[in-house]
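Here is the structure we will look at, set down as structure tokens.
Position 1 is the first residue of the sequence, and the numbers go up from there. Counting starts at 1 for both ligands and their atoms, following the listed order. This structure is a prediction, so every number in the text was calculated from the model and none was measured.
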Amino acid sequence: MTFDVVVVGSGGGALVGAHLAQRAGLRTVVVERTAYVGGTSAYSGGACWLPGTPVQQEAGLPDSTDSARVYLDHVLGELDAPRRRRVEAFLAEAPRLVEALTADGTFAFEWTPFPEYYDAPGRVPGGRSIQPSAVRRADLPAAVAALVRPPVERDRMGREGRSTLSGGQALIARALTGFLHAGGTVRTEHRMTDLVVEDGRVVGVLAETPSGTVELRAERGVLLAAGGFEGNAELRTSRGVPGDAAWTMAPAGTNAGEPIEAGVRAGAATDLLDQGWLCPGMLHPDGRGSFVLAFRSGLMVDRAGRRYANENLPYDRFGREMAKAAERVPSWFVFDAGEGGRIPAIAMPEGDPAEHLAAGTWLRADSIAELAEATGAAGLEETVQRFNAYAQAGRDPDFGRGEDEYDTFFAGGGGPDAVVKPLAQGPFYAARFVLCDLGTKGGLVTDERARVLRADGSAIPGLYASSNSAASVMGETYPGPGAPLGTAMVFASLAVQDLLAAGQPDSAVSAETVAPNS
Ligand SMILES: Cc1cc2nc3c(=O)[nH]c(=O)nc-3n(C[C@H](O)[C@H](O)[C@H](O)COP(=O)(O)OP(=O)(O)OC[C@H]3O[C@@H](n4cnc5c(N)ncnc54)[C@H](O)[C@@H]3O)c2cc1C
């Protein structure tokens, strides 16, 4: 029960940190509350916003650490000195991390196009995020294959994963393989409930297990990387996070925020607690939400039947538009029969149209007038007439839909014509949409070494945080695909470097007594 490092959580940041720590010779245990590893990270597309690496160079992209800095400067706005240090640490570490992960073959990354979320200087056409290459289940150690959480559409139905693991599945499988190969320990069904603090230093965690509470000691330190508190209805409400615990994309029974609360009890400061990585979510018959992006046609209206934003905005930006007014949650996504009664978008998961119609999460009618009556969205007919006129003219003067590279990327590119299409072919459908999230993004305040800080800026000895357990370095913005995982992995790596330095002879100086934010 005594290790050098205890890592709480098993998402992308946690496992990358655990793998790097164990590989560097630190005895490391991963503590995971469920029977699976991977959390929301295993559901993800595995895109990692890690700029300036050899992977982008090999793909011939105009990406570099400098252009990423220019982009972030425009997207994040003015930064105070501690945040600037975190941004610089992130930019410097991203290429080093990718080299470290690929050096022994545990990881291979590739670039796949996926545009960034802001039209700002420094943006790379086609995007700069990279993804771990897929792995075949048959090539994985049996323990890894059994532990990786299945993709969302299968997990929600209690089914096993696929024969090829791609995206977030590949990220988790690769990191777990490396970690176990290096001799790491995984403890599933261990719900961390508190930190063990002795003489002001974090020396371990308490975890509830099926056979009672256990203490896991950490001789160097504890890394909290266990999601946010998206699954905790009470905390969400008290902190003012938009959306609802029932609608989050985090797997059921996972991220309730105990690690963040334990950090607070140990004296940590928090930030961004009212923030999430937001997205529009299609309501399912079981009351859960599903992440939807890349609308190929159709339009979104509020309860009164009025459009309120460009439906093809990057999902977090659309979610923020939704959060601006109560009458936007729920919204109705209205589409025609152009795709045979399926929603013209990527929905994860999509569900069965017949089940949606039977449950009333979707409504169907032969005319827009009837659909307006069924939904109660009085302005719908007028909105659709106006939208159809825009479709004919090939331009959306209200919201500029289709004008940005991101808007039409999933529809094959081109201009507004690719996504501003008339609703012409009945029957017509209205799908109920809620405000969904990929996780909360507020949490423990950390520095450029991922050390958890008190309100006075001093570091709590032995305590580190990354992933959605830490207040995001990206603040209230989502700059591009892979920002959650990229930052989670980088700050986990920086935590490991500090943990390694903590074992050096001058550790008392480097890890504990350095002046806050020096
Ligand atoms: C469909 C989808 C696609 C996405 N695509 C991308 C993408 O391509 N790129 C990207 O960057 N982001 C993507 N995201 C968002 C991203 O997946 C999450 O924001 C990120 O994975 C969160 O990482 P995390 O480690 O903080 O949490 P998680 O990955 O959810 O992991 C947290 C783990 O900690 C465990 N845990 C929680 N509390 C405790 C406790 N008390 N004790 C022990 N264990 C605990 C949980 O059970 C869970 O397994 C996507 C999300 C979804 C849903």
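Taking the charged nitrogens against the carboxylate oxygens, Lys441 and Asp271 have no contact shorter than 4.0 Å, which rules out a salt bridge. Between Arg33 and Glu189 there is no salt bridge, since no side-chain N of the basic residue sits under 4.0 Å from a carboxylate O of the acidic one. In summary, Glu153 and Arg159 do not engage in a salt bridge, as defined by a charged side-chain N under 4.0 Å from a carboxylate O. Between Arg86 and Glu93 there is no salt bridge, since no side-chain nitrogen of the basic residue lies less than 4.0 Å from a carboxylate oxygen of the acidic one.
Under a 4.0 angstrom heavy-atom cut-off, Ser10 registers as being in contact with ligand 1. At least one heavy atom of Gly38 sits closer than 4.0 Å to an atom of ligand 1. Residue contacts with ligand 1: Arg149 is excluded, as none of its non-hydrogen atoms falls under 4.0 Å. Remark: distances from the non-hydrogen atoms of Gly46 to ligand 1 include one below 4.0 Å. Put simply, part of Pro259 is less than 4.0 Å from ligand 1, judged by heavy atoms. Distances from ligand 1 to the non-hydrogen atoms of Thr34 include at least one value under 4.0 Å. For Gly482, the heavy-atom gap to ligand 1 drops under 4.0 angstrom. Residue Gly439 places every heavy atom at 4.0 Å or more from ligand 1.
At least one test fails for Arg342 against the ring of Phe335: distance under 6.0 Å to the centre or angle within 45° of the axis.
For ligand 1, the polar-atom distance check finds an N/O of Ala47 within less than 3.5 Å of one of the ligand's N/O atoms.
Considering only non-hydrogen protein atoms, atom 18 (C) of ligand 1 sits nearest to Leu438 O, 3.6 Å.
By the 30° and 60° cut-offs, the orientation of the rings of Phe295 relative to Phe433 is tilted.
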